[in-house]
Structure formats: structure tokens, C-alpha cells
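Both counts, for ligands and for their atoms, begin at 1 and track the order of listing. Just so it is clear, the structure is predicted and the values come from calculations on it, not from any experiment.
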Amino acid sequence: MTTTQTGLGTYLERILKRHGRDSGRLVQILRDVQAEFGRVSAEAMAILAERLSLPIGDVESTRDFYSFLTSEPTGTYRILFSDNITDRMLGNQAIFDHMARRLGVSRGVVSADGLASLDYTSCTGMCDQGPAILVNGMAITSMTLRRADQICELVRSRVPVAEWPNEFFRVDHNIRRADMLLGTDFTPGSALRAAVAMGREAYLAEVKRSNIRGRGGAGFTTGVKWEAARNARGDARYVVCNADEGEPGTFKDRVLMQFYPERVFEGMALAAYVVGAKLGLVYLRGEYLYLKAPLEEKLSELRAARLLGDSILGVDGFDFDIEIHMGAGAYICGEETALIESLEGKPGRPRIRPPFPVSFGYRGQPTVVNNVETLCKATEIALHGGAWYEGFGTKQSTGTKILSVSGDVERPGIYEYPFGVRISQVLDDAGAKNPKAVQISGAAGQCLTTREFGRRIAFEDVPTAGAFMVFADHRDMFEVARNFAHFFQHESCGFCTPCRVGTRIQAGIMDKIAAGHGTQYEMNELQHLREVMRTASHCGLGQTAGGAIADTIAKFREDYEKRLARKDFEPAFDLDAALARAREITGRDDADSRMLSDA
Ligand SMILES: Cc1cc2nc3c(=O)[nH]c(=O)nc-3n(C[C@H](O)[C@H](O)[C@H](O)COP(=O)(O)O)c2cc1C
Ligand code: SF4
């Protein structure tokens, strides 16, 4: 081992110690290495592999999977611009270009002095206060050219990010409509006391009675999930809170984690009480790093109040504690089995199901995975009972739903409604100006037009995990769909061919159409690709990756057609242009030296 390696080894040893030398915490370890050294080098990987007794290929494939981990150095100040369509609508590209000029850097390239690097990243979950950026992982919202100038000055003067003005890092809740969850005070411990007073079985019966369905997208019945995990065979049981929230346009879990953490943690403890879990894991998306320290503090308070730890509320054997794990920039890790892989220190690739997490989850044991909002709702059921809860919403969609509203509205933010609310009501409340479309449930969701604004938010009509992006009549829906196509190409985990290749071809076709080279042939190809991905992809990402394009072709065809070339087909490769240099060298320009496409 060289002297430099010995020095590096000492630093790495400190990081490894912090994580109990647990190879299952590899993602957390690599995050710390990245933060300390600005990259995860081949040398660092070799040392980690040896000390964790892992094959180096495993460490490498984990590093290479996550976009926040890099093999090459990033700038001392790593600046990433959120690139959701809503950030674009708020002018993120002009601010990016301005900053790149002022810092003298190009996209993806570190400045010559190593000081700064600038790039785009997928939606950072700040759509109500964009354009947003991350600087060394910390979120900065409401970017303007003026703020960009201030940041450039701080970077040039090498002021540590921790000393930047506090107001840069302010993240507002923007709660615009509060209902039974957001509008009700909560005393920590009250829901747990109510559940313990009822007893395990009775509380589970109330959860089932409420008919509550998961808020993470799939809408699975929570009581059934909890019961299955409780009944499954295992040496240990786990409760996982899915706070990955990577769907473009959604940010309600961020607000719950920041302003209602007691509800989230108590919901986890309630699930643990029912299933008999001793450990809970919060999987917090890497983009929400700013929440980690306050959440850790909240956990300490709950331990001090004996609402976490051993014999909670004096119940013998009710021992439960919670750890926070950070994601590292991968949307797919919101899918519950990919999330579990990531929690185990691996690349976040979705598992083959069955078995489902309730019987074979974290470390092969029965595991409940629930969305942040679902867990908050569990506290309401403990406090008021299943029958009360069932009284809100619709028959198949009980209770309330929190929507993340952004785009062309006067009042972007969080809106809580009983299920069954009409799209038009939400648009009115948010102050939508001449809306022509709403993209529900993010890039993976559906696009609704004015004729559908009378429809209702509910599993039986328009299901949603919560994103509600509004587009006014001057917006170009082709560009909206193109932004989503690039998002899916970037976020595909690469495990299965229909999605890995399909998302790439799809984004390529959208670029070809944007450049004016698309024809009817490409339009047909997009429809065909959508079907292939929908039917043959391994997980929900690939299955939904063509939905927004199919919807916008069906409903806003003119936005595509105005770009199409007046031909049946135009090749992706322009042979004549490629031969131009050869003609120049040989001095020829006769008909035979040309491959004219019309010939
Ligand atoms: C590509 C993809 C991304 C997902 N992202 C999230 C997410 O960010 N948060 C979430 O709660 N569920 C997400 N899900 C759904 C989860 O797999 C899972 O159904 C959910 O966490 C279960 O919790 P619930 O029953 O409380 O809804 C995603 C699913 C897919 C296919
Ligand atoms: S569908 Fe896409 S994201 Fe899902 S497993 Fe296949 S490649 Fe990965």
C-alpha cells in the first residue's frame, strides 16, 4: 500500500467506523466518501472492498448506479440544476447559462481551477418554489439571475456553503389548503397511546375498517399489507418509510417530513406495533439532505420522550427505533423492491416479485413499505377509528389526499382534499390561468385536457400519488413530453431491455422531431414503443415511460405535427452531410459524390 493509500485508508476507516463496518450500509458509506473527497476513486473502492470483504465489482457497480456518486472529481462546489418541466417553465436554462458563463464552466466539466462544476439533475422536489438547484447536496430554491450572481461571488471567494446566507436555503411549506391531516394539531404519543389502549388486534381491525389505501401510487390496502407482514414467517420484521419522492412534480412528502415529522415517525411506530418490528428505516431521497439533521434531532427527542426505544409506553416487548438512510440520486429507488436493494447497499434494481416485501423484504425478512403520507394517516385512524376515517372521501378511496400543485397557477403548493375532489375545483383554488392540460401523478401519470376537468381525484377515476402540474394554453405539450422522455431515459435502471433501449429510442425520436426531422413514421414508432415498454418492461418505470407521450399525441397532436417534416420517412443518419468532408478533401461535387435524400 502506498503512503497516499495509507492516508486515504485512515480517512476511510473513520467513515467505516461510523457505519459499523456494515457492508449493507454501502450506499451510506459511499455517500460519505463522495462528500469528503468529491468522488469515489478506484483507490477508495479497493480499500472499501477489502475492509468490507466485498468483491470490488460490487462496490463499483453500486457507485456507478447512483448519479450523486462519481468516479471523477466534481468541483469543490458541485452545482446541480433541477430540470423538471416546471423548472424549465420558470427559466432554469437561462440561469444555468448565465452561471456557466460567470463561472467559466461548461455543462458536466469541472472548471480548470477545480472550483466549480455545473450540471442538470432530475426534479429535486421543489416545483412550488423553483427554479431550484443543489449545491453540494443542499437545496436552494427560487433561483433568479441576481441570486445566481451572488452564488458565483461566494464560489469565487471560496466561502464554505455552510456560511452562505440562510435565506438561500429556506424551503417553504406553501400549504394552501389544509384538511383533516394538515389542519389538525397533533400531540406526539397520542396516536400510539390510543392504539395501545385498543390493543394490537383491535387497532389492526380499525386500519382494515378504514379501508385506507397506500398514497405512494399503487393504492394497495394498508391493513391487508400490515396483516400479511405480521403473519409472514421471519426472524425479524421491518417497517420502511418510503420518502424517496422522485416523481417529477411531487413534493408533498417533503412538506410532511419537514413540518409533520412526529406524525410520520408515529405512523411507523404504529405499523411496528401491529407487525412486531423492532427497526424502522426511513429512505430519504438524497435531494432532501437538508432534512436529515432536523429529522435526526426529532428522533432524539422522541427517544428522550420514550416514544422510541425499549418498552414504548411501558408495553413489554414493544421495542422500536428508527434509522434514516439517504438515497443518492436514483428515481427508481422509489419502487419498493429497488428501495430495499438500496437499503442493503446495492444498486437499486427492482426485484422479481413474488416474493413480495411483506414476506421477503429487507435482509430477506417480512417488511412493510409505506409511503410517508400513508404512515401519517395511520395516526388519524388510531385517534378517531376506522369508521370515522371511512366517512371521508369516496367508497373506494377513503380519507383525504394531499396534492402537490405546480406549474401555471397563482398559488403553487400543497392542497389537501377529501378524495373525490374534481380537477376543476383544484384548478380554481390554485388560481390556474387558462389551463389547457394537467399532468396528474407526474411523468409516469396521465395528461388530462379541459374536457376532463370534471373528473375526480380517486382510485376509481383519476388515481394519483399526488403530483398535479398545470399547463396554460400557451404551453407546448410536445416539449413537456420531451422533458419526460429524457427523464425516463436518464432514470431507467438498465436491468431490462424494453425499458433500457425503449426509453433511449423514445428520447432520440423526440429529439429528432424537435429538430424538424420527424415524420409520420416516427409518430407511429412512438406509439409502437409505448406498447412494447408497457407490456414487456419489468417494473412500473418502463411500463409508464411512454404514457405521457401517448397522451399528448392523442390530445395535443398539433404540437407534434407542426414540427413534422413533409415526408413519410427521414433517416436518422444524414449520409449526404456525412460525406461533405470527403467531398471537400477530394474536391469533388459531382452527382455521384452526393447521396441526395430526394434522389
Ligand atoms: C418507478 C417507481 C417509483 C416509485 N416511487 C415512489 C416514491 O417515490 N414514493 C412512494 O411512496 N412510492 C413510490 N412507488 C411505489 C412503491 O413501489 C410502493 O408501492 C409504495 O411505497 C408503497 O407504499 P403505500 O402502500 O403506502 O403506497 C414507486 C413505484 C415505482 C414503480
Ligand atoms: S422497467 Fe426500467 S427501471 Fe424497471 S427494471 Fe426494467 S430497466 Fe429497470
What's the shortest distance from atom 23 (O) of ligand 1 to any protein heavy atom, and which residue and atom give it? Asn371 N, 3.2 Å

Protein heavy-atom partner closest to atom 2 (Fe) of ligand 2 - residue, atom, separation in Å: Cys499 SG, 2.3 Å

What atoms of ligand 1 come closer than 4.0 angstrom to any heavy atom of Gly540? 31 (C)

Residue, atom name and distance, where the atom is the protein heavy atom closest to atom 5 (S) of ligand 2: His538 CD2, 3.5 Å

Between Glu416 and Lys377, does any NZ, NE, NH1 or NH2 come within less than 4.0 Å of an OD or OE carboxylate oxygen? yes

With atoms numbered from 1 as shown, which atoms in ligand 2 lie under 4.0 angstrom from a non-hydrogen atom of Ile332? 3 (S)

Under 4.0 Å to a heavy atom of Ser492 - the qualifying atoms of ligand 2, by number: 2 (Fe), 7 (S)

Heavy-atom nearest pair, Ala191 first then Leu270, reads O-CD2, 3.9 Å

Any chance you could lay out the side-chain contact (heavy atoms from CB on, under 4.5 Å) test for Ile402 and Leu256, step after step, and finish with the verdict? CA-CA 10 Å; Ile402 304 177; Leu256 292 172; 4.1 Å; yes

Name the residue from Met326, Met257, His325, Glu323 that meets the side chain to side chain contact (heavy atoms under 4.5 Å, CB included) definition with Val282. Met257

Is a side-chain N or O of Asp119 found less than 3.5 angstrom from the main chain of Leu80, in a donor-acceptor match? no

For Ser537, atoms of ligand 2 separated by under 4.0 Å from a heavy atom: 1 (S)

Please check if the side chain of Ser406 supplies one atom and the backbone of Gly249 the other of a donor-acceptor pair under 3.5 Å. no

How close does the nearest protein non-hydrogen atom get to atom 15 (C) of ligand 1, and which residue and atom is it? Gly216 O, 3.8 Å

Within ligand 1, which atoms have a heavy atom of Val369 less than 4.0 Å away? 21 (O), 22 (C), 23 (O)

For atom 4 (Fe) of ligand 2, grab the closest protein heavy atom and report residue, atom and distance to one decimal in Å. Cys539 SG, 2.3 Å

So, applying side chain to side chain donor-acceptor pair (under 3.5 Å) with Asp83, which one of Asn483, Thr124, Asn92 is it? Asn92

Is atom NE2 of His490 surrounded by more than 12 heavy atoms (other residues, nucleotides or ligands) closer than 6.0 Å? no

Is the Tyr203 ring parallel, tilted or perpendicular to the Trp226 ring (thresholds 30°, 60°)? tilted

If we set the cut-off at 4.0 Å for heavy atoms, which region of Glu247 has an atom near ligand 1: side chain, backbone, both, or neither? neither

Identify, for atom 10 (C) of ligand 1, the protein heavy atom at the shortest distance, and state residue, atom and that distance. Asn242 ND2, 3.1 Å

What residue and atom, counting heavy atoms only, is the protein's closest point to atom 3 (C) of ligand 1, and at what distance? Glu335 N, 3.6 Å

Identify, by atom number and element, the atoms of ligand 2 in contact range of Gly542, meaning under 4.0 Å from any of its heavy atoms. 1 (S)

Have a look at ligand 1 and work out which part of Glu245, if any, has a heavy atom under 4.0 Å from it: side chain, backbone, both or neither. backbone

At under 4.0 Å between heavy atoms, which part of Thr374 makes contact with ligand 1: side chain, backbone, both or neither? side chain

Considering all heavy atoms of both residues, which atom of Pro357 and which atom of Val369 are nearest to each other, and what is their separation? CB-CG2, 4.4 Å

To the nearest 0.1 Å, how far is atom 22 (C) of ligand 1 from its closest protein heavy atom, and which atom is that? Lys225 NZ, 3.4 Å

Take atom CZ of Arg200 as the centre, draw a 6.0 Å sphere, and report whether it contains more than 12 heavy atoms from other residues, nucleotides or ligands. yes

Within a distance under 4.0 Å of any heavy atom of Cys493, pick out the atoms of ligand 2 and give their elements. 3 (S), 5 (S), 7 (S), 8 (Fe)

Full working for side-chain contact (heavy atoms from CB on, under 4.5 Å) between Met477 and Cys447: CA-CA 10 Å; Met477 296 310 289; Cys447 181; 3.9 Å; yes

With heavy atoms of Gly246 as the reference, note each atom of ligand 1 found under 4.0 Å away. 8 (O)

Among Arg215, Arg263, Glu262, the one residue meeting side chain to side chain contact (heavy atoms under 4.5 Å, CB included) with Cys376: Arg263

Can you tell me which residue and heavy atom of the protein come closest to atom 18 (C) of ligand 1, and the distance to 0.1 Å? Glu336 OE1, 3.7 Å

What are the atoms of ligand 1, with element, lying closer than 4.0 Å to any heavy atom of Arg215? 26 (O), 27 (O)

If we only count N/O pairs under 3.5 Å, is Asn370 in contact with ligand 1? yes

Distance to 0.1 Å, residue and atom name: give those for the protein heavy atom nearest to atom 6 (Fe) of ligand 2. Cys496 SG, 2.3 Å

To the nearest 0.1 Å, how far is atom 16 (C) of ligand 1 from its closest protein heavy atom, and which atom is that? Gly334 O, 3.5 Å

Within a distance under 4.0 Å of any heavy atom of Gly214, pick out the atoms of ligand 1 and give their elements. 24 (P), 25 (O), 26 (O), 27 (O)

Note: Arg254-Glu245 ion pair, threshold 4.0 Å (strictly below): no

Closest non-hydrogen atom pair between Tyr415 and Arg176, with its separation: CZ-CB, 3.3 Å

